Amino acid sequence: MIEFIDVTFEYQSSGGSVPALRGVSTTLSPGELVTVLGPNGSGKSTLARLANGLLHPSGGRVIVENIDTGDAEHIWDIRSRVGLVFQNPDNQIVATTVVEDVAFGPENLGIDPPLMRRRVARALESVGLDGLEEREPHTLSGGQKQRLAIAGTLALDPAYLVLDEPTAMLDLQGRSDVLDVLATLRDRGTGIMHITHHLADAAAADRVLVLVAGSIVYDGVPERLLGDEDMLARCGLTVPPIGRLAAELRASGVPVPPDALTAESVVAGL
Amino acid sequence: MTLSLTGVDFTYGAGTAFATRALSDVDITFSPGEVVLVLGATGSGKSTLLRIAAGLLVPDAGSVTLDGRAVRGPLAVVRPGVGIVFQSPEMQLFAESVAADVAFGPRNQGLSEEDAIVEARRALDAVGLDPEEFGPRSPFSLSGGEARRAAIAGVLAMAPGYLMLDEPTAGLDPSGRESVRDIVTAARESAGVVVVTHDAEEFLGHADRVVLLSEGRIIFDGRTEVLVQNPGRFTEAGLRAPEVLRAQMLAQDAGVALPRFALDPTEVASLLAEAWSGPR
Ligand SMILES: Nc1ncnc2c1ncn2[C@@H]1O[C@H](COP(=O)(O)OP(=O)(O)O)[C@@H](O)[C@H]1O
Ligand SMILES: Nc1ncnc2c1ncn2[C@@H]1O[C@H](COP(=O)(O)OP(=O)(O)O)[C@@H](O)[C@H]1O
Ligand SMILES: [Mg+2]
Ligand SMILES: [Mg+2]
């Protein structure tokens, strides 16, 4: 389990200190998919970087499977257990071909070649980049690069995966492909923290966390959040058109569940 | 002032082992006052199409013409030319103040310092950033949404006859996305607007026309309403139709007889509710 215990974080900049998180407590368990929502600047990326010890809390503690991320001796342990996928995939590309890029992480960990090849192939297949093994990463389009970054992290076989807006550059199909990958990994026991701006992504989550100005304003099941318009407004979240359609159908007596945010779940009520 | 691409082919790394065909035989015409949405799966050639239309890449075959004249070189430097807002444009903000950053483009176009300042103020106003408040600030002190708007202002300050935007709302929160969408659609008052996006849902209701790209070829170019009535075209382009349209497609597949398709959730709800209760 990853535990955030009363975590505060301040960035130090020339203009003084910038509070990014104010007393955040939450957890991420194996086999759990947690969606994190919140406006720009609410502290989501900071939370992600704290999860694997890239940043250390200014106050409070972050514990990964009983190891404090502040414990310098175990930092590589923590980094190999918690895989991070960042917002901008360009900064994460290291090699000159797709397959080498994905193999870079496991190679560095000294994993033996046959196992590594299997992992790399599986990682590429699960993000739909199989067939592009020999391409130069810089020739990929934005969306393809984003999936490459996810594959690179998957190849390390982390117990937890923290993704910071991994689908920001993907089309609807690509986004849904990635969501499917996340759901599959969750079912295999990976604990997943998925930071996103898409409310609809929350419907597939076990738990939803909403950050506003560095504080958690919601931590619970998606159904309750998605069915509560006042809460959504307070969280600065907008209901997508499919959610408005679901609400209108409900109002006219069609039995559509309150957390219906996909075409399938809306049509199931008809 | 029409902007036309005729018979355009483009290959990256032509002649090398890694040659990648990005566009094939593309014919397209843009007109002032129109908002055109360019949709396509990742890798379908959307960004390449924008770069060619803006004169940043030269086609291998075919031609680009502005007002019937062949285009050579970047079109941002002419007034009124073709301005392009790249993906994550805020990464390119560089000056010590927002005002100086936005004035850079018009200065580069040969405007005097005073005229460039006037243009910069006008552009900041247009994107909803008060020039008094935001002008003197460092670009690096802006929030994600503000920085994106400042970057768009930098292009608007060049008074483009065509405004091309590559994924303008990607990575922004809902309120940031809404304000960028409003800026982009308002720009049709002074320019032809071309938006490349993977989020069809966001702009579909605001576009006059949609172009679908698939593997470097245009497979649809028509009024938004025509596409809405033929949502199968999304699938042909390797895309998913927006959820509201997909719900209607699924309902129809399940035997619900719909007289037509719609985008507006209220309208769709009444169409679906009617068809649902109707035949029984
Ligand atoms: N490197 C940094 N230096 C100074 N302030 C920062 C830095 N990174 C983020 N911040 C500030 O910390 C707050 C939280 O930022 P962040 O975690 O990136 O939010 P989000 O990911 O939700 O947009 C914001 O006010 C942001 O401006
Ligand atoms: N700089 C580049 N060098 C080589 N190939 C590229 C480059 N940019 C894009 N490509 C390739 O050209 C094709 C079209 O890419 P692009 O126009 O970026 O598509 P889109 O914007 O629709 O995702 C893709 O196959 C992509 O991999
Ligand atoms: Mg962030
Ligand atoms: Mg692109």
Side-chain angles (χ1 to χ4, degrees), chain A residues 13-15 37-42 87-88 90 132 134-136 139-147 165 167-176 197-200 236-254 260-270, chain B residues 12-13 18 20 39-48 87-88 91 140-141 143-146 166-167 170-178 197-201 205 234 238-251 253-254 256 263-266 268-270 272-273 275-277:
Chain A
S13 77
S14 52
L37 298 164
N40 286 125
S42 57
Q87 229 156 4
N88 188 346
D90 279 325
L132 296 183
E134 298 308 321
R135 281 280 287 276
E136 292 178 74
T139 70
L140 299 176
S141 67
Q144 292 169 323
K145 284 181 195 164
Q146 205 104 2
R147 286 187 276 156
E165 297 184 37
T167 65
M169 297 293 168
L170 303 193
D171 53 50
L172 285 177
Q173 187 62 55
R175 221 175 97 204
S176 127
H197 280 308
H198 291 280
L199 186 61
L237 297 166
T238 7
V239 181
I242 190 72
R244 301 217 305 276
L245 171 59
E248 301 247 7
L249 284 172
R250 248 193 326 278
S252 55
V254 182
L261 281 177
T262 61
E264 282 78 8
S265 53
V266 167
V267 171
L270 285 166
Chain B
Y12 288 99
F18 297 103
T20 308
L39 303 174
T42 54
S44 60
K46 305 183 296 296
S47 297
T48 307
Q87 255 171 270
S88 308
M91 315 270 283
F140 307 103
S141 73
S143 76
E146 290 161 359
D166 201 348
E167 313 274 11
L172 298 184
D173 61 19
S175 76
R177 287 209 296 266
E178 193 179 325
T197 177
H198 57 264
D199 199 343
E201 191 153 70
F234 282 102
L239 293 173
R240 228 181 217 246
E243 289 299 294
V244 167
L245 273 179
R246 221 161 56 76
Q248 295 165 84
M249 292 161 81
L250 289 173
D253 289 349
V256 179
L263 273 183
D264 175 57
T266 309
V268 177
S270 66
L272 281 175
W276 184 57
S277 56

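By convention in this document, chain letters (A, B, ...) are assigned in the order of the sequence lines, proteins followed by strands, and residues within each chain are numbered from 1. Computed from a prediction, not measured in an experiment: that's the story for all the values here. Values reported hereafter were calculated over all heavy atoms of this structure, with side chains retained and with hydrogens, waters and symmetry mates removed.
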Which residues pass the side-chain hydrogen bond (donor to acceptor under 3.5 Å, both in side chains) test with B:T20, not counting sequence neighbours? none
Heavy-atom pairs under 4.5 Å with chain A: which of B:A170, B:G171, B:S270, B:A241 has the most?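 Counting heavy-atom pairs under 4.5 Å, the top option is B:G171.
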Shorter than 4.5 Å, heavy atoms on both sides: which option in B:Q248, B:E201, B:K46, B:E167 has the most such pairs with chain A?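 Sorted descending by pairs with chain A, the first entry is B:E201.
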Show me, pair by pair, the donor-acceptor contacts under 3.5 angstrom made by side chains of residues 237-248 of chain A, not counting sequence neighbours?
| from | atom 1 | to | atom 2 | distance (Å) |
| --- | --- | --- | --- | --- |
| A:E248 | OE2 | B:T266 | OG1 | 2.8 |

To the nearest 0.5 Å, what is the distance between CZ on B:R246 and CD on A:E264?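 One finds 4.0 Å between CZ of B:R246 and CD of A:E264.
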CG on B:D199 to NE2 on A:H198, rounded to 0.5 Å: 5.5 Å
Which heavy atom of [X] sits nearest a heavy atom of [Y], and at what distance?
X: B:E243; Y: A:T262; result: OE1-CA, 3.3 Å
X: B:T42; Y: A:R147; result: OG1-NH2, 3.6 Å
X: B:A247; Y: A:A263; result: N-CB, 3.4 Å
X: A:E134; Y: B:F18; result: O-CE2, 3.7 Å

Go through the atoms of B:A200 and report whether side chain, backbone, both or neither lie under 4.5 Å from a heavy atom of chain A.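 For B:A200, no heavy atom lies under 4.5 Å from chain A.
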Set out, in order, the CA-CA distance, both residues' side-chain angles and the distance that settles side chain to side chain contact (heavy atoms under 4.5 Å, CB included) for B:L272 and A:L249, then state yes or no. CA-CA 8 Å; B:L272 281 175; A:L249 284 172; 4.1 Å; yes
Polar side-chain atom of A:N40 near backbone of B:D173 as donor-acceptor pair, under 3.5 Å: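 It does hold such a pair.
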Contact origin within A:V267 toward chain B - heavy atom pairs under 4.5 Å: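 Just its side chain gets close to chain B.
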